[in-house]
Amino acid sequence: MGSHRRLAPSGFDRGARGARGARGARGATLCVLTAAAAALGVLPAGAAPRDDNRAEVDRLYEEAEHATESYNKADERADLLHDEVDKAQDRIARQQDRINTMRDALGSLAGAQYRSGGLDPSLALMFSDDPDEYLDKAAAIDRISARQAGELRKLQGAMRDLAQERAETTGKLAELDKSREAVARHKRTVERKLSKARQLLNSMPDADRAAYDRTSRSGRTPDLTGAVPSSGRAAAAVAAARSAVGRPYIWGANGPSGFDCSGLTQWSYAQAGVGLPRTSQAQAHAGRQVPLSQAQPGDIVTYRDDASHVGMYVGNGQVVHAPYPGAPVRYDPVGMMPVSAVTRP
């Protein structure tokens, strides 16, 4: 993975000068690593084994990012399918009740027809004591027969609809099972990669290990005086994101006790009544894109070419984001790593 190339400093992102490239964890938006790679540039160039260890940790974090993003996508799909299946099963139950009612009605019509029309019409007319009364009954039977035929057609249509609904639901159930399997598979991959990375970090000398966590201990609150959000909803989202500073990074989580990258931005905007997609890639397209130089508090900033990390711009060249496991939600310069897009929800 290695260090990220810094953006060329400008009047907008002077706060980013000197910031070392960072790797973000890719979780639901993947933020597993943002600041983890930042330490690479400050360590001595002499110790190759240590460099190899750090490179391996970077690789494991990056792979965990990809697996986390896959986990988030599969989990989001599973939730959607689960809701669709629940609604379809409710429709099937209502349709079955409707069919049962229609069958009962048809049975009643058939009984009335049998009771009124048991004899051949010509014989019934011949033996009838009151031909006029018979003709009235015959007209009633015709009406019953026409209604019965209409109800039968409705019943057949309802049964076809029910069969189609059941077939579609069976397909969704099969897809739901696959999504659940994918969720479990990606979860195992993430946990395995993160466990290996943590083991390797724990095997490093204290100075090397501390370098990964250095920025996460800063506790620095930047001066955001004069930062004006783009809207009232953006202001509410910024307030929510800032309130989350200090809470832990938890991959696959979207608050309120812990977050991954996209989980933080999704949760923050949810507090403002705005629904954002679950993944950082989807969030990059959840609104109007604006130039970095025109970013305003509340804008969503995605990083790297694959939009695998995300944070929220809060003004004065700063973002709030959930960096990687072991590092809490914090402020960092917007230019901490290459910006992919700035989106205004």
Side-chain angles (χ1 to χ4, degrees), residues 4 6-7 9-38 65 215-216 218-230 234-247 249 254-255 259-269 271-272 276 279-281 283-284 286-287 289-304 307-324 327-345:
H4 289 290
R6 289 201 304 273
L7 298 175
S10 66
F12 172 78
D13 63 356
R14 282 194 298 270
R17 288 183 184 177
R20 297 173 178 84
R23 259 313 202 202
R26 171 170 211 183
T29 280
L30 310 62
C31 320
V32 180
L33 193 61
T34 296
E65 289 177 352
T215 53
S216 68
S218 67
R220 178 178 59 87
T221 300
D223 178 13
L224 300 178
T225 303
V228 180
S230 59
V238 168
R242 295 188 66 184
S243 75
V245 170
R247 297 181 198 177
Y249 177 98
N254 59 351
F259 305 90
D260 59 20
C261 297
S262 58
L264 173 64
T265 47
Q266 184 189 48
W267 176 83
S268 297
Y269 261 101
Q271 308 317 297
L276 287 184
T279 65
S280 55
Q281 288 90 342
Q283 289 180 8
Q289 293 194 353
V290 298
L292 177 60
S293 60
Q294 296 177 20
Q296 293 180 261
D299 289 350
I300 299 298
V301 183
T302 45
Y303 292 93
R304 300 196 292 263
S308 58
H309 187 77
V310 68
M312 181 182 295
Y313 186 68
V314 291
N316 293 351
Q318 298 291 310
V319 294
V320 169
H321 69 134
Y324 65 98
V329 175
R330 68 181 187 224
Y331 297 96
D332 268 317
V334 69
M336 61 185 172
M337 54 198 300
V339 172
S340 171
V342 179
T343 304
R344 187 163 297 160

Can you give me the closest heavy-atom contact between [X] and [Y], atom names plus distance?
X    : Y    : value
A244 : W267 : CB-CZ3, 4.2 Å
L264 : A322 : CD2-N, 3.8 Å
S280 : T302 : O-CG2, 3.6 Å
M312 : A237 : SD-O, 3.7 Å
A227 : V314 : CB-O, 3.7 Å
S308 : Q281 : CA-NE2, 4.4 Å

Heavy-atom side-chain proximity of [X] to [Y] below 4.5 angstrom:
X    : Y    : answer
P222 : N316 : no
V339 : Y303 : yes
V238 : L224 : no

Partner of Y313 under side-chain contact (heavy atoms from CB on, under 4.5 Å), chosen from T343, V301, V342:
V301
Would you say the side-chain atoms of Q318 pair up with the backbone N or O of T221, donor to acceptor, closer than 3.5 Å?
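Such a contact is absent between Q318 side chain and T221 backbone.
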Parallel, tilted or perpendicular, as decided by the 30° and 60° cut-offs, for the rings of H321 and H309:
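Geometry flag for H321 against H309: perpendicular rings.
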For Q296, which residues count as a side chain to side chain donor-acceptor pair (under 3.5 Å) partner, sequence neighbours excluded?
R344
Using the side-chain contact (heavy atoms from CB on, under 4.5 Å) criterion, which residues pair with A236? Sequence neighbours excluded.
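With neighbours one apart ignored, the set is A272.
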Please identify each residue that fulfils side-chain contact (heavy atoms from CB on, under 4.5 Å) with A234, with sequence neighbours left out.
P229, S230, S231, Y269
Any pair counted as side-chain hydrogen bond (donor to acceptor under 3.5 Å, both in side chains), so long as it reaches residues 237-247, sequence neighbours left out:
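Residue pairs passing side-chain hydrogen bond (donor to acceptor under 3.5 Å, both in side chains), neighbours aside: R242-Y331.
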Distance from T279 atom OG1 to Q266 atom CD, nearest 0.5 Å?
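The distance works out to 9.5 Å.
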The reported gap from OG1 in T265 to CG in N254 (rounded to nearest 0.5 angstrom) is 9.5 Å
